[in-house]
Amino acid sequence: MSEAFISVKNLSKGFTTSKGVVQAVRDVSFDIPRGSITGLVGESGSGKTTLGRAMLRLIEPSAGSISFDGIDLLDLDERQMRKMRKRMQIIFQDPYSSLNPRMRVLEILSEALIAHDIGANSTERKAICISLLEEVGLAAEHINRFPHEFSGGQRQRIGIARALAVEPDFLVADESVSALDVSVQAQILNLLRDLCTKRNLTMLFIAHDLSVVEYLCDQIIVLYLGRPVEIGSAEQVYQRSAHPYTQALLSAAPIPDPSKKRSRVVLKGDIPSPYNPPSGCAFRSRCQYAIADCGTELPVAVEVANRHFSFCKRTEIII
Amino acid sequence: MSEREVILAISGLQTEFKSRGGSVRAVRDLNFNIAAGQTLALVGESGSGKSVTSLAIMGLLPQAGYIAAGSVLYKNRRGEQLDLVNQSAAQMRQIRGAEIAMIFQEPMTSLNPLFSIGDQIGEMLLLHTDLDATARAAKVIEMLELVEIPAAASRYHDYPHELSGGMRQRVMIAMAMILKPALLIADEPTTALDVTIQAQILDLMRRLQKELNMAILFITHDMGVVAEMADEVAVMYAGEIVEQAPVQQLFMRPSHPYTQGLLKSIPGAGGITRSEDGRLQAIPGSIPMLNAMPKGCSFGPRCAGFVSGCQDSVELAVTEPLHWVRCSEIGVNAHV
Ligand SMILES: Nc1ncnc2c1ncn2[C@@H]1O[C@H](COP(=O)(O)OP(=O)(O)OP(=O)(O)O)[C@@H](O)[C@H]1O
Ligand SMILES: Nc1ncnc2c1ncn2[C@@H]1O[C@H](COP(=O)(O)OP(=O)(O)OP(=O)(O)O)[C@@H](O)[C@H]1O
Ligand code: SF4
Ligand SMILES: [Mg+2]
Ligand SMILES: [Mg+2]
């Protein structure tokens, strides 16, 4: 594997609320090689968005470090960080709340270009905007419309165009294709793939659609209650998943065939409260393999194959 | 299939938006029925008019939008037939929530950031029932538990921004279900959810559907969810239904070239679809602009089977019992 372009070490992020502290991301470490795509999957509320935003310092991590192309991001002051932002972009999960409703598409995209000194004048910027729209499967005529005049999926593509506008080196895509129908989704996934190859773009791709992640990603991280439970290549995680949670996740995906009923690993029990996660392995309250031991200490990473890790005490019985 | 009571009958529905260059037609000549206890899935290209259709039914079209023609007949709990198109705003407010509930595609647009989620769900009970505050709170918590919000009681006072995207969506579902509607319109209700929660929510919807004999209009682009939930499927493209069939038939014999392309674009599962260079098979091109519709078949410019005859107007034609397709090439064959 090539050298890490991004290296996350022991990253944690807690939110203090009136009811206590939510440890949204807990002690997460991983590397992303340049030009590759890492997928982040996991249950709703497992900390995917928080991790993605903390990596860009859109929210301040509580602990840990992020090295980006050899630079320690947490060492940068605000001004340096602002300059850095040109190189890292995020496509937000909720396109509606992230697009200014009073701005036309041209203004939304131009704003990003101006902020980062791209395009000499408005004519040039307009041309860039049009080619961006076409790149994401929208048309030049869409340029004068307001966000509310688009469908959900079309808005999502505007968010993608805006992120691509500044030609970033690193892109966090938060559920960026989940609002799209499969044929448009296929176009966007092909586009993202091409960008990674052509522009050597590095990407963190957050999704809950496992088939999409499998197709797109080189490496996959499965999160559960803020911690990774399995890390490996797409093939390792899909074909030979080692962690009980990943196995349940894979078996819960609906199959596009009405004549097939899949036998599901139905997860028993409630999702634990993030304010008060179970001791030891956080998954143990829903795990069919759990034994008393699982509650005593944190499971450490077990390397089940080359660079394929499962954070589970009972790995040898499960695989 | 036994004859079931049709509770929603849409015919000739046409929805337009006023825009700078005149009116554009987002939904054209739409016809479908949903019976009590049944689920109709509405699928189709992004921008094809699925959400506009649901908003038109609910009387919630944005300012610039209006229903230009057609009727939306709804049979209420008292057995009265109402045309939702010409109900007053006050009547529609009564119908929404108590009779018909909707789950929106983007939860943040319909949750008020200034109120706690518990209060927002409780509001439904306040408006439509006589329950007192204690009973309302208990019901809200029960509902939050039903949609698997962990530690529901302690989340009651949370504000929308304190929840993850998926939890917000489940709050929306709780709000929609709390009055036990006769018709549920769900616009991408599980798109923001991971698969394990999705599986639970789908189970929950099915359970409530059975219990309440609820009809569901289910908008989704996830063909896996369609396969699991739908009795019947309508495929939309550029504002009209291009194919409609019972779910098994649609998957076994997709007949419209757009439907065929759609099914081939699904990554993973079944007939995988990567071409030699590892790319996904996508339908080339994009959906036409509403103000620049092609002549005849709206899918024509992207269709591999396009012939000049496709520029004539195309009607839905039956290819087999209960299976309708809007394609002149197939229509022709079907008639011989
Ligand atoms: N600003 C905040 N204040 C308090 N708690 C928060 C805040 N943002 C997130 N959380 C909590 O942190 C946890 C992780 O949330 P996050 O949004 O990262 O989850 P996610 O994995 O992206 O979920 P989803 O798939 O639903 O988007 C959740 O329990 C959430 O309620
Ligand atoms: N307020 C509006 N003004 C003008 N056009 C609009 C407005 N709202 C929607 N449209 C247009 O109507 C068409 C149908 O939009 P709709 O939101 O119904 O699509 P959809 O099928 O739900 O797509 P998606 O899967 O992306 O949610 C689109 O072309 C859209 O641009
Ligand atoms: S450590 Fe124990 S509880 Fe956790 S996944 Fe492994 S077997 Fe299950
Ligand atoms: Mg998220
Ligand atoms: Mg929509």
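Proteins come first, then strands; the chains are lettered A, B, ... in the order of their sequence lines, and each starts at number 1. When reading the values below, keep in mind they use all heavy atoms of this one structure, side chains included, and skip hydrogens, waters and symmetry mates.
In this structure the side chain of His157(B) never reaches within 4.5 angstrom of the side chain of Ser18(A), judged on heavy atoms.
Interface residue Tyr258(B): only side-chain heavy atoms are found under 4.5 Å from chain A. Looking at Thr17(A), the atoms closer than 4.5 Å to chain B (heavy atoms on both sides) all sit in the side chain, from C-beta outward. Proximity to chain B (any heavy atom under 4.5 Å) is shown, for Phe15(A), by neither the backbone nor the side chain. For Asn276(A), no part sits under 4.5 Å from any heavy atom of chain B, backbone or side chain. The parts of Ser154(B) that come within reach of chain A are both its backbone and its side chain, each placing non-hydrogen atoms under 4.5 angstrom from that chain. Using a 4.5 Å cut-off between heavy atoms, Met167(B) touches chain A through backbone and side chain atoms alike.
At most 12 non-hydrogen atoms from other residues, nucleotides or ligands lie less than 6.0 angstrom from CZ of Phe115(B).
Note that the CG atom of Leu280(B) and the CD1 atom of Ile188(A) stand 12.0 Å from one another [nearest 0.5 Å]. Gln248(B) contributes atom CD, which lies 8.0 Å from atom CG of Asp257(A) (distance to the nearest 0.5 angstrom). A distance of 11.5 Å separates OG of Ser19(B) from CG of Asn144(A), quoted to the nearest 0.5 Å. Interatomic distance, CZ of Arg145(A) versus CE of Met289(B), reported as 4.5 Å (0.5 Å rounding).
Side-chain N/O atoms of Ser183(A) and Glu45(B) include a donor and acceptor closer than 3.5 Å.
With Gln185(A) contributing its side chain and Ile266(B) its backbone, the two residues share no donor-acceptor pair below 3.5 Å.
Taking chain A as the reference chain and counting heavy-atom pairs below 4.5 Å, the highest number among Asp158(B), Leu163(B), Ile287(B) is found for Asp158(B). Here Ala186(A) is the residue among Ser151(A), Gly137(A), Ala186(A) with the most heavy-atom pairs under 4.5 Å with chain B. Taking chain A as the reference chain and counting heavy-atom pairs below 4.5 Å, the highest number among Ala64(B), Pro284(B), Gly285(B) is found for Gly285(B). Of the residues considered (Thr220(B), Asn291(B), Ile283(B), Val226(B)), Ile283(B) shows the highest number of contacts with chain A, using heavy-atom pairs under 4.5 Å.
Among all heavy-atom pairs drawn from Pro254(A) and Asp222(B), the shortest one is CG-OD2, 4.3 Å. Ser46(B) and Arg157(A) get closest at one heavy-atom pair: OG-NH2, 3.5 Å. Leu249(A) and Val195(B) get closest at one heavy-atom pair: O-CG2, 3.3 Å.
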